[in-house]
Structures are given as C-alpha cells and as structure tokens.
Student: 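Got a structure here, written out as structure tokens. Questions coming.
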Number of protein chains: 2
Amino acid sequence: MEPKNYLRHIAFDSVILGFSGDKLKILIMKYHNTGLYALPGGFVKMEENLNDAVRRGLKERTGLDNIYLEQFYTFGDVQRYQPESMQTILLANGNSTEQYAWMLERFISVAYYALIDYEKVVPQPDALSDSCGWYDIDNLPALMQDHNEIVNKALQTLRDNIDRKLVGFNLMPLVFTMKELQKVYEAILGESIHRGTFQRKMLGLGILKRHDKQYSGKAHKAPFLYSFEK
Amino acid sequence: MEPKNYLRHIAFDSVILGFSGDKLKILIMKYHNTGLYALPGGFVKMEENLNDAVRRGLKERTGLDNIYLEQFYTFGDVQRYQPESMQTILLANGNSTEQYAWMLERFISVAYYALIDYEKVVPQPDALSDSCGWYDIDNLPALMQDHNEIVNKALQTLRDNIDRKLVGFNLMPLVFTMKELQKVYEAILGESIHRGTFQRKMLGLGILKRHDKQYSGKAHKAPFLYSFEK
DNA sequence: TTACTATTGTCGCAATATGCGACAATAATC
DNA sequence: GATTATTGTCGCATATTGCGACAATAGTAA
C-alpha cells in the first residue's frame, strides 16, 4: 500500500452478486472495529490496466478469482469525498494517517458488477476487514459513502442488459433445472415470469443443452437438467 | 491550467454527434501546428463534480453549452499513456513541459457522448486548437491515443440504447418531417428501415405531435411536420 | 394395483409487434 | 386533365409474448 505505487484519485468498487434460494445476494465487507460496511474496492497501480486492477484488487480483498466483470458507471461527485470514514478505517487498523494521506483525498470510482455462482465461493476477508459476506440485496445495511447508490445503479444496469448479455452463464452451477434458472431471472428482474413463456424463450435461444432428468425423491415429474452450450 | 487546480490522472473525452444531410457527423479538434486530431476533452477541478467538469470543459473548448451528455465508458488501459503527443501539443503552444509535467502523466479517461442539433451549433475552437469542426463519422482522420476506439464504443452504445433513450430529441430541430427523423435513425443504426414500419412505430410511441404540412414546392404530396411532445 | 398429488414439458389461442408490399391521396409540372 | 414523385395508411404474413390447459410422471397413500 505504498502511496507511490497507486494512481491518485482513482478507485474502483465492485458489486458482486450471487444467488441463493430465491434471492439475490451481494458481497459486502465490514471493516475492523469501525462498524463500516462497504463494497469491495481498491486502487489502480501505476503500470496496471484499469480492468486488470479490478481483477487483482478483488482477488486480494475477497479471494475471488477469474470472474466475469462488467464496468457499468463511473462515480465522480464531490460529495463522495468523505475522508472521515477512510480515516476511521486507517486508525482502527493502526496506520498513521500521515503515511496514507493520499487515501484521504478525493476519489473518482469506476464501478463494476459481477455475477458468480454462490455455491462455489467462500469469500475470504483481507487484513483490513473482519468479514466479507453475503447480504440479501433487499436488506442491505447502510454502506459507506455512496455505495448504496452504486448497488442500485448496478441492479438497474443488470436488468437493462439481461436480454443482451448472457446473464445466467456465470451465476449458475454447471447443471441446473429450468425452474432454478427462472428463479434467478425473477430475482434479478424483481418480478415473476410465466413458467411456460420462460421455458419456451430459453429453449428458443438455442444455448441450453439438455441432460438427464434430476430425480429429487419428491412425488412429481422430474425436471431435466440443463447446462449452457460451449 | 495550474497543475494544482486539477485532479491528476483523470480526464474526460466527449463524442459529440450531429446530423447533416444523410450522415452522422462528429466534432473533432485539431491542435495548433501539430497535425494532431482529438476528441474534445479536459480535466476535472479539485472541487468539481465529474459531470459538471464535462459540461464546463466542453463549453471552454468548443463553445457548446447546455447539451445532453451521457457517460458510457471509462478507458483505463496503460497503453493510453502516450506522453509524446501531449508533449508535442504543449511545445507547439509554447508551454514549458516542466510546468505542465502533470499533463504528461498517465490518464484514465471517462467518456461521454452527446447528440446535438447540427444546424444550431457553430463550434468555437479554444486557444490550444486551431480548428473544431465536423467530420463524417465514417471518414474520420486518425485520432490521438485511443480516441478512434472511444468513438466506436460510443456508436455501439448509442445503437444499443436507441430504443430506450429518446435519441432524436436532442438531435432534431424543433419541427421535422418523418423522413428526416428516419434518416437520423438510419444514420445511427447504419442500415435502412422500411418507411411504413418506421412511421407506424414512431406514431405508436405517442411522443410526436403533428403540425401543419410542409410545402416544399416539389411536385408531390407534402409531408406533415412533427415535434416531440413536452 | 390403483388412486392421488405436485410438478413438469408442451401446446394452442389471443394479443401484440414487425417486415414488406400495395393503394389512394396530393402538390406541383406539363 | 394527365403525369410524377412522395406521403399516409392499410392489409397480410410472420414472429413474439402472455396465459391458460392438458397430458405425462415420480413418488405417496390406500
């Protein structure tokens, strides 16, 4: 975290979404001894591509690796600048605010979102944070700075893009039932979808491969399992 | 242009689109005595919102004021960093590279696009530039740094958003014929549209107000004039 | 075995949207 | 009054979408 290694005034924040049960979850970090909640974020090194910085920083802070990230907006209002919270974090971790004065300056933040398979991930908090966990998207704590606004904009962008980008691809396990896929779409869109219509549309896309049936032991017809083609 | 007044490492670039005849035009600046072409861009002041900086900077550099700007991507690759071209510009304008050393550092650039009424605008070049003029979108000169890539991404985003955002609103004069509106859509999408289908769709949106006919003096039926509601 | 339940795969129909050609209306000219 | 170019609109064929219905089926209960 040497000051000279990072570009001043530039940060990134990431909205990491996963799916569990019927709900969208989001990855939130909590800082040691501060009660402050925040999106996983970080800084850009002097000789590092912005997109690479996000991948690196996210791995350092959460242990997440090799995920699909989509840039969606850059937040640059002056009101973002709240050195108090950053100072609180630094002090709570025993860092002198002199050495890290650059972190107390105003930042413009490039925001990314990602969709990952909730089951496959055990996020690991880094040294600055005492937890790194999943929260219900509709039951978030108050987050630092403008992070709640960033989350809302990420969700809006995701909904707008759901038909154009292959949303489920990253969020789903290797194989899944049509009903599971539908629940993901419903969670993202925040509305229910007619079962027949959804099935017809998904099959019509030609991107699903049908496998054997999944016998759940329940007293009803067993659903097929699917995976994404290629 | 005092160094201390601006955030280091952060810039913006703008893709200003207008329409003339059958073609999309884009506003390009040419720097004095350098042969360098570039998008109108600028920097962000210490105590200034990013979006405000873009409006201010665009006015300073081109004379354009009060236009609809949409942020679409932030470019942060290391290869963007080409201090040679910036140095060329500074020297050609008689500035010492020492005083402006901060401008030779690496920049991350937040890009915006805008649609404006070509007829209503007479762009004015600023002190650094000897021209500020319209170029055909499909016949651009080679631009500085990654500015050609920025233009392409702006066009792609514009096409993706053409049905969701009220594209024509800013690009059209106060009143216009259906054929004129169609030409704008065709220029943006880069493909021709069936006349009847387009008319039906536009009228179906319920956002056009029909006025008197426009008599051109030509030997055929006169078209209605329209304006956008509200 | 047989009835029953919950869920799945699929279909049909209505409503809506889209691509494309055709036809009548019309402003100016010959 | 005929001709020409262009416009407003419509009809039809073809997708797309919302919604209900029906048969199939895996297990449970009688």
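Computed from heavy atoms alone, side chains included, the values below leave out hydrogens, waters and symmetry copies. Nothing here was measured: the structure is a model prediction, and the numbers come from that model. Order of the sequence lines sets the chain letters (A, B, ...), proteins ahead of strands, with each chain counted from 1.
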Student: What pairs of residues pass the ring-ring contact (aromatic ring centres under 6.0 Å, His included) test when at least one of them lies in residues 172-200 of chain A, not counting sequence neighbours?
Tutor: Phe176(A)-Phe228(A), Tyr185(A)-Phe198(A)

Student: My understanding is that only residues two or more places apart in sequence, or in another chain, count here; which of them pass ring-ring contact (aromatic ring centres under 6.0 Å, His included) with Tyr31(B)?
Tutor: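 Listed in chain order: nothing, the list is empty.
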
Student: Among residues 177-191 of chain B, which ones have heavy-atom contacts with DNA chain C below 4.0 Å?
Tutor: none

Student: When the nearest nucleotide of DNA chain C is assigned to Lys218(B) and to Ala222(A) on a heavy-atom basis, which residue is associated with the more 5' position?
Tutor: Ala222(A)

Student: Name the first nucleotide and the last nucleotide along DNA chain D (5' to 3') that come under 4.0 Å of a heavy atom in chain A.
Tutor: dT17(D) to dG27(D)

Student: Could you work out, with side chain to side chain contact (heavy atoms under 4.5 Å, CB included) as the rule, every residue matching Phe107(A), not counting sequence neighbours?
Tutor: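 By the side chain to side chain contact (heavy atoms under 4.5 Å, CB included) rule, Phe107(A) matches Ala11(A), Phe43(A), Trp102(A).
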
Student: Are Val15(B) and Leu39(B) close enough, and set up right, to give a side chain to side chain contact (heavy atoms under 4.5 Å, CB included), and what steps lead you there?
Tutor: CA-CA 7 Å; Val15(B) 178; Leu39(B) 295 173; 4.0 Å; yes

Student: If we ignore hydrogens and angles and just use 3.5 Å, is the side chain of Asp126(A) paired with the main-chain N or O of Ser129(A) as donor and acceptor?
Tutor: yes

Student: Who are the side chain to side chain contact (heavy atoms under 4.5 Å, CB included) partners of Asp138(B), not counting sequence neighbours?
Tutor: Lys23(B), Asp136(B)

Student: My understanding is that only residues two or more places apart in sequence, or in another chain, count here; which of them pass ring-ring contact (aromatic ring centres under 6.0 Å, His included) with Tyr68(B)?
Tutor: none

Student: What pairs meet the side chain to side chain donor-acceptor pair (under 3.5 Å) rule with one or both residues in residues 199-209 of chain B, with sequence neighbours excluded?
Tutor: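 Side chain to side chain donor-acceptor pair (under 3.5 Å) check on residues 199-209 of chain B returns no pairs.
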
Student: Whole Å only: how far is the CZ atom of Phe198(B) from the P atom of dG19(C)?
Tutor: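 Distance, rounded to whole Å: 12 Å.
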
Student: With hydrogens left out and only the distance checked, is there a donor-acceptor pair under 3.5 Å joining Arg195(B)'s side chain and the base of dG19(C)?
Tutor: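 Not at all, since no donor on one side and acceptor on the other fall under 3.5 Å apart.
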
Student: What N/O pairs connect the protein and nucleotides 1-5 of chain C at under 3.5 Å? Give each pair on its own line.
Tutor:
residue, atom, partner, partner atom, Å
dT5(C), O2, Ala219(A), O, 3.1

Student: For the CG atom of Leu155(B) and the CD1 atom of Ile150(B), what is their distance to the nearest 0.5 Å?
Tutor: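 Separation between the atoms: 12.0 Å.
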
Student: Quick check on DNA chain C: between Gln199(A) and Thr197(B), whose nearest nucleotide comes earlier from the 5' end?
Tutor: Gln199(A)

Student: State which residues pass side chain to side chain contact (heavy atoms under 4.5 Å, CB included) with Gln79(A); sequence neighbours excluded, sorted by chain then number.
Tutor: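 Here the qualifying residues are Asp77(A), Asn49(B).
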
Student: Does anything in residues 147-160 of chain B pair up under salt bridge (charged side-chain N to carboxylate O under 4.0 Å, His left out), and if so which pairs, sequence neighbours excluded?
Tutor: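 Every salt bridge (charged side-chain N to carboxylate O under 4.0 Å, His left out) pair that includes a residue of residues 147-160 of chain B, provided the two are not neighbours, is Arg164(A)-Asp160(B).
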
Student: Would you say the side-chain atoms of Asp13(B) and Tyr112(B) include a donor-acceptor pair closer than 3.5 Å?
Tutor: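 Tyr112(B) and Asp13(B) do not have a side-chain donor-acceptor pair below 3.5 Å.
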
Student: Would you jot down, in residue-number order, the residues of residues 204-213 of chain A having a non-hydrogen atom under 4.0 Å from DNA chain C?
Tutor: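 Those residues whose heavy atoms fall under 4.0 Å from DNA chain C, taken from residues 204-213 of chain A in numerical order, are Arg210(A).
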
Student: Scan Leu203(A) against the nucleic acid and name what it touches under 4.0 Å (heavy atoms): base, sugar-phosphate only, or nothing.
Tutor: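 Leu203(A): backbone/sugar contact only, no base atoms under 4.0 Å.
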
Student: Would you call the rings of Tyr37(B) and Tyr135(B) parallel, tilted or perpendicular if under 30° counts as parallel and over 60° as perpendicular?
Tutor: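 Plane angle over 60°, so perpendicular.
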
